[in-house]
**Q** 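What follows is a structure written as structure tokens; I'll ask about it next.
Note on naming: letters A, B, ... go to the chains in the order of the sequence lines (proteins, then strands), and numbering restarts at 1 for each one. Owing to the predicted nature of the structure, the values given are computational and were not obtained by experimental measurement.
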There are 2 protein chains.
Amino acid sequence: MSEEPYKSSAKSVTARALAVLAAFDVENPLLTLSQLARRAGLPVATVYRLAGELEDGRFLDRDSAGRYGLGVRLWEMGLLTPVHGRLRETAMPFLLNLQYECRETVQLAVCDGTNAIYVEKLTSEVSVPIQSRIGARIPLHATGVGKALLAFSPEAFTDAILAMPFTQYTPETITDRRTMSRQLAQIRQRGYAQSHQEYQLGSTSIAAPVLVDGTVQAAIGIVSYTLRTDLTRYAPALLRAADGLARRLETAAGTAYPSISDRISGSDVHGGDPMPPQAS
Amino acid sequence: MSEEPYKSSAKSVTARALAVLAAFDVENPLLTLSQLARRAGLPVATVYRLAGELEDGRFLDRDSAGRYGLGVRLWEMGLLTPVHGRLRETAMPFLLNLQYECRETVQLAVCDGTNAIYVEKLTSEVSVPIQSRIGARIPLHATGVGKALLAFSPEAFTDAILAMPFTQYTPETITDRRTMSRQLAQIRQRGYAQSHQEYQLGSTSIAAPVLVDGTVQAAIGIVSYTLRTDLTRYAPALLRAADGLARRLETAAGTAYPSISDRISGSDVHGGDPMPPQAS
DNA sequence: ACCCATCTTTTCACTGAGCGAAAAGAATTT
DNA sequence: AAATTCTTTTCGCTCAGTGAAAAGATGGGT
């Protein structure tokens with residue numbers, strides 16, 4: 001059918017191999033050889049060979065029908081990544097506790113490039129519609145966790161973000177940088193951020209930064225439906241969780257991991273980044 | 001012709017690139033270029049180039065010190081993997097609920113090759129020592145989830161596993177295949193498996209299979225310290241969770257993912273990863 | 001049953017992409 | 001300042017990787 005993503009002008013062998021892996025996304029977790037080839041923008045024979053090798057290393061797995069899917073190995077490696085291996089792992093107990101206390105959706109996010117990424121999201125209700133997947137990139141200016149991250153980022157970074165245009169997601173989205181600037185100051189003062197239907201109509205959130213040695217490493221947030229409860233009553237619990245995590249991370253800092261965002265360069269606001277830019 | 005001992009230059013470019021990624025593990029999540037080269041068994045210059053490309057695609061990230069670590073991209077891809085994207089995602093609410101009910105450690109595992117893999121593990125207590133990481137490979141014969149998976153696997157598979165020698169982890173580990181065979185029958189009858197200090201002294205577990213259309217897709221388990229409580233009292237809740245998940249998976253089967261284990265071929269008993277059975 | 005379309009797998013001769021020794025450049029340590 | 005260990009760049013040779021094409025599967029429509 002209509003399959004035609006972006007064309008990866010893969011030139012090196014490695015780039016080609018990576019392009020094959022990059023051909024998968026949320027909507028297409030399983031692909032046949034030819035689909036794969038098409039999406040990767042490479043000749044079938046080439047993909048056949050590459051995919052074969054990737055499969056050997058379990059970077060790709062095939063189902064009974066012969067379709068390809070990203071392999072277990074990839075998943076296992078994801079677990080070794082700083083975001084998971086250090087952050088999520090240590091954060092989990094705190095998140096669970098928090099979720100236990102307030103029984104609302106609890107989330108953990110970090111900053112990467114000019115976006116925030118959901119690292120974890122706990123929703124107990126069996127029936128809630130998938131709001132934002134784990135791994136999803138969300139704007140820094142329109143969500144609780146986003147603003148919490150932004151407010152406590154180094155000034156240079158905050159300024160850089162403020163200098164960019166703010167996409168408007170709902171009528172409530174803050175698009176004026178002066179307003180935003182004022183809000184950030186308020187957030188810094190209060191210690192936590194709030195967001196009311198600024199990203200998605202009908203949902204409110206409250207979020208606090210995880211400050212490790214003075215720098216924001218992540219943000220913890222609680223999300224709920226606008227009318228349900230006043231989330232501010234969870235502020236103490238939220239701050240306790242965030243601080244608890246922060247102290248934990250400080251302790252285990254010996255095994256320091258790289259901080260994800262250092263470069264504003266990489267991914268652009270929102271959406272999927274196929275492959276970051278590259279000079280020659 | 002005599003060849004140089006361990007000079008494995010019979011590798012394809014792709015294999016080399018993958019070797020670079022594979023150089024990381026739990027103990028070494030961060031490596032300098034030279035360490036990386038050494039661990040991958042490749043010349044520095046080569047790794048330099050490959051790592052450069054991998055970094056461009058964010059398959060590798062570097063920290064401020066220039067050390068390499070597995071990149072965010074890898075993590076994001078792991079999320080698209082069947083184990084996570086389909087299983088973990090749908091299972092999470094059930095696991096959370098279960099954990100909420102019993103306040104014990106709850107885990108989700110699948111079968112891969114001749115091992116089980118922990119896909120998720122929920123521990124609320126902030127201070128528990130790391131027992132088994134998510135992603136860890138554990139034996140099928142010595143744990144609750146393992147036995148639950150084994151008991152409900154196709155006969156051919158069970159037989160194949162029973163034909164292999166059982167590593168003894170504790171004095172309680174079942175090593176005799178007749179005993180095991182009998183237990184498996186019992187498990188099938190009762191609907192859930194139990195394990196008492198068979199893998200790790202001091203901990204008991206109870207586990208139930210997640211049967212989707214008659215085949216085991218996963219197992220949910222509850223683990224606790226031996227003396228704390230009688231876990232069987234959680235059996236109803238456990239079975240409810242397992243069945244609930246199973247039904248959920250059946251519903252969403254439209255977007256069928258490949259079942260992970262099909263081949264016993266792949267990883268050998270206990271896989272290549274060094275795995276401390278008893279944390280020291 | 002047939003044909004036609006689309007899929008996967010294998011082959012093979014050509015060639016430029018990737019290799020890695022080596023040297024230059026940084027950054028530490030002695 | 002010399003020694004050591006790390007990172008980055010260069011460059012000519014060669015063989016690994018390429019992709020068109022053909023052969024082999026598979027499937028589904030009539």
Side-chain angles (χ1 to χ4, degrees), chain A residues 1-4 7-24 28 30-57 59-69 71 256 258 262-263 275 278-280, chain B residues 1 3-24 28-57 59-69 71 256 258 262-263:
Chain A
M1 300 283 282
S2 55
E3 279 156 38
E4 183 77 52
K7 191 158 185 176
S8 41
S9 46
K11 57 172 206 160
S12 71
V13 197
T14 319
R16 268 180 258 244
L18 298 187
V20 169
L21 293 177
F24 296 89
N28 308 279
L30 290 178
L31 298 168
T32 69
L33 177 62
S34 13
Q35 291 176 313
L36 195 49
R38 224 171 295 132
R39 299 199 48 137
L42 294 169
V44 206
T46 304
V47 173
Y48 177 73
R49 235 178 317 110
L50 290 175
E53 284 194 275
L54 291 169
E55 195 192 348
D56 289 342
F59 280 74
L60 288 181
D61 278 339
R62 309 184 69 171
D63 67 356
S64 37
R67 285 179 305 180
Y68 292 92
D262 272 335
R263 39 165 169 188
M275 285 282 183
Q278 182 224 9
S280 64
Chain B
M1 319 280 173
E3 275 288 339
E4 317 247 286
Y6 293 153
K7 187 85 175 180
S8 54
S9 50
K11 283 176 148 189
S12 67
V13 197
T14 318
R16 269 179 257 245
L18 298 188
V20 170
L21 293 177
F24 297 88
N28 308 280
L30 290 178
L31 298 168
T32 68
L33 177 62
S34 13
Q35 292 177 312
L36 196 49
R38 223 173 295 131
R39 301 205 80 209
L42 295 169
V44 209
T46 303
V47 173
Y48 177 73
R49 235 177 320 110
L50 291 175
E53 283 195 276
L54 290 169
E55 195 192 348
D56 289 341
F59 280 74
L60 288 181
D61 279 337
R62 311 184 67 170
D63 66 356
S64 38
R67 286 178 306 180
Y68 292 92
D262 273 334
R263 41 164 169 188

**Q** Mind listing the closest non-hydrogen atom pair of F24(A) and G69(A) along with its distance?
**A**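 For F24(A) versus G69(A), the nearest heavy atoms are CE2-CA, 3.8 Å.
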**Q** I'd like to check the side-chain contact (heavy atoms from CB on, under 4.5 Å) partners of A45(A); sequence neighbours left out, ordered by chain and number.
**A**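 Per chain and number, A45(A) pairs via side-chain contact (heavy atoms from CB on, under 4.5 Å) with no residue.
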**Q** For dA17(C), take OP1 and OP2 only and decide whether either is under 4.0 Å from a side-chain N or O of S12(A).
**A** no
**Q** State the OG-CG distance between S12(A) and L50(B), to the nearest 0.5 angstrom.
**A**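 The OG atom of S12(A) sits 8.5 Å away from the CG atom of L50(B).
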**Q** So does R38(A) get a side-chain nitrogen or oxygen closer than 4.0 Å to the phosphate oxygens (OP1/OP2) of dT6(C)?
**A**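 Negative; the distance criterion is not met.
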**Q** When you compare the protein's N or O atoms with those of nucleotides 7-10 of chain D, which come within less than 3.5 Å of each other, and at what distance?
**A**
from   : atom 1 : to     : atom 2 : distance (Å)
dT7(D) : OP1    : L33(B) : N      : 2.9
dT7(D) : OP2    : S34(B) : N      : 2.7
dT7(D) : OP2    : S34(B) : OG     : 2.6
dT8(D) : O5'    : Y48(B) : OH     : 3.4
dT9(D) : OP2    : Y48(B) : OH     : 2.7

**Q** Tell me if the side-chain of R49(A) makes a donor-acceptor pair with the base of dG19(D), cut-off 3.5 Å, by modelled atom types.
**A**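 Answer is yes: a donor-acceptor pair is held.
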**Q** Rounded to the nearest angstrom, tell me the gap between atom CZ in R67(A) and atom P in dT6(C).
**A** 19 Å
**Q** Does a side-chain N or O from R16(A) land closer than 4.0 Å to OP1 or OP2 of dG19(D), or not?
**A** yes
**Q** For DNA chain C, produce a single dot-bracket line, 5' to 3'. Pairs: Watson-Crick or G-U wobble, both distances under 3.5 Å. Symbols: ( ) within strand, [ ] crossing, | other strand, . unpaired.
**A** ||||||.|||||||||||||||||.|||||
**Q** Return the polar atom pairs (N/O with N/O) between nucleotides 24-26 of chain D and the protein under 3.5 Å, or none.
**A**
none

**Q** What side-chain donor-acceptor pairs closer than 3.5 Å can you find for residues 34-44 of chain B, not counting sequence neighbours?
**A**
from   : atom 1 : to     : atom 2 : distance (Å)
Q35(B) : OE1    : T32(B) : N      : 2.8
Q35(B) : OE1    : T32(B) : OG1    : 3.4
R39(B) : NH1    : A23(B) : O      : 2.4
R39(B) : NH2    : D25(B) : OD2    : 3.4

**Q** In whole Å, what is the span from the CD atom of E53(B) to the C1' atom of dC19(C)?
**A**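 About 13 Å, once rounded to whole Å.
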**Q** How many angstroms lie between atom CG of L54(B) and atom CG of L21(B), to the nearest 0.5 angstrom?
**A** 5.0 Å
**Q** Is the shortest heavy-atom distance from the side chain of D56(B) to the side chain of L18(A) under 4.5 Å?
**A**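 No - every pair of side-chain heavy atoms lies 4.5 Å or more apart.
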